[in-house]
Chemist: 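The structure's right below; bear with me while I get my questions together.
All values below were derived from every heavy atom in this structure, side-chain atoms included, with hydrogens, water molecules and symmetry-related copies excluded.
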Amino acid sequence: MRHRAVSIRKSAASAAALLGLVCSVAGADAQTLNNALAAAYSNNPTLNAARAELRGVDEGVAQALSGWRPQVFGSLSAGHTSTYPRPGSSTHQNTATVGVQIDQPLFRGFRTVNGTRQAEAAVSAQRESLRSTEQTVMFDAAQAYMDVIRDTAIVSLRRSDIKFLDEQVRAARDRFQVGEGTRTDTAQADARLAAAQSSLNLALANLNASRAVFRQVIGVDANSLVPNTDIRRLVPRSMESAIASGTANHPAILAAQFNTDAAAFNVKSIEGELLPTVSLEGNLAHQWNPSSTGAINDASSASVFGRVSVPIYQGGAVSSRVRQAKEQLGNARILVDVARDQVRAAVVATWGQFQAAEASIVAARSQVEASQLALSGVVEEQRVGQRTTLDVLDSQRELITAQVTLVTAQRDSLVAAFALVSAIGRLTSEHLQLHVARYDPVEHAGKVRDKWFGLRTPDGR
């Protein structure tokens, strides 16, 4: 009985390491949290899709700038004419014309200027939307990482519990065989062992699910995870500073502001349709037209025209579109306030969750220490006949419950820290200092902005 009590105390002490249980096998090939975040930054399909969407929005600037550039059209016509002036007589002629027309807009009611500014504002808004998507992916990756660590630790605790209960079952049967125990003691130990096995099966299922989510979000399999992170360095010191930082820097607010700018320029662009337009048109043509004698007469022509178009009445369609655009501008301005309120609420909520999780860790540690001492004492008292098998089983269950609570609190604390950093707009690869090739949205925008022709994208597609 003495050596069993010693093994029980060692098992409880080893289980108290909790999250450290999953780190014991980590070596040089350990998969740190920053490594996982870097992998998600490079591999996550949601983030890559957002980057592709931004590249598509970049083309809006090039399309708007095309309003300054000439348009060139080529034309070619050919035909055959047969005439029959009298019976038995006919004339056949082949004609052909080739020409080039150039249209150069000179004034479009400021639509090109405002359209370009609208497209640039849309690009800026989409960049902030990309940053918001990046934050979401980074948080999902951190949460998936910590879920695997939590569930791995819980599986270790459940296995330690089964090992402990196995010893209790053997001890209860030994005591029953020598007449020191009852069949009830054996049945109680068997029941607790069966319940522990069921809890282990559930823990393994949860771990498998967490590993699947890890693979989905991060793009690689979970292997030798190390739960070390310096995310707390990005956590503000007070809720007031967190709110101030969030309302000033969160990409959701900045995106809403840029969307407001785009809506304002859209109003001006549509109003430009009510102004005159001025353009310059040039034509160059060459015609082949044979004469009735069979000689070919060819001629070249060139012309230049200035055109002024003054809109007088368009059936009310343009006026309606202006009113519609103004309503959309009002909606965009309201959405800025909505975004600010949402960010503030998220900061307050995540701040409270973070503080509660930190306090829960302290309480859970005390609970684990007290439960370990209680279990050791109950085991010793059972050895001298002052406690029953049920007392030992109840004490072990309280210890396992406390250890699972501590594991969960430690996971919740780190996840809440990531959520808080995301709520203030700092959960990006730059702030996290990830060692990864960062995506530069400005590079693609610069390559397509002044591109006059070409069907291939900058990456060769």
Chemist: Could Arg323 and Glu327 be called an ion pair, given the rule that one side-chain N must be under 4.0 Å from one carboxylate O?
Modeler: no
Chemist: Give a yes or no on whether a salt bridge exists between Arg111 and Glu271, defined as a side-chain N under 4.0 angstrom from a carboxylate O.
Modeler: no
Chemist: I'd like to know if Asp341 and Arg344 make a salt bridge, using a cut-off of under 4.0 Å between side-chain N and carboxylate O.
Modeler: no
Chemist: Would you call Glu134 and Arg51 a salt bridge, using N to O less than 4.0 angstrom?
Modeler: no
Chemist: Tell me if a side-chain donor or acceptor on Tyr145 pairs with a main-chain N or O of Val226 at a distance below 3.5 Å.
Modeler: yes
Chemist: Do NZ/NE/NH1/NH2 and the carboxylate oxygens of Arg55 and Asp58 come within less than 4.0 Å?
Modeler: no
Chemist: Any carboxylate oxygen within less than 4.0 angstrom of a Lys/Arg side-chain nitrogen, looking at Arg307 and Glu281?
Modeler: yes
Chemist: Once rounded to the nearest 0.5 Å, what's the spacing between atom CD of Gln197 and atom CG of Asp166?
Modeler: 9.0 Å
Chemist: Is it true that Arg233 and Asp230 have a side-chain N and a carboxylate O under 4.0 angstrom from each other?
Modeler: yes
Chemist: Tell me whether Asp147 is salt-bridged to Arg411, with the criterion being a basic N under 4.0 Å from an acidic carboxylate O.
Modeler: yes
Chemist: Looking at Glu120 and Arg117, is any side-chain nitrogen of the basic one under 4.0 Å from a carboxylate oxygen of the acidic one?
Modeler: no
Chemist: Report the residue from Thr46, Asp140, Leu47 that forms a side-chain contact (heavy atoms from CB on, under 4.5 Å) with Val217.
Modeler: Asp140
Chemist: Roughly how far, to the nearest 0.5 Å, is OG of Ser156 from CG of Asp161?
Modeler: 12.5 Å
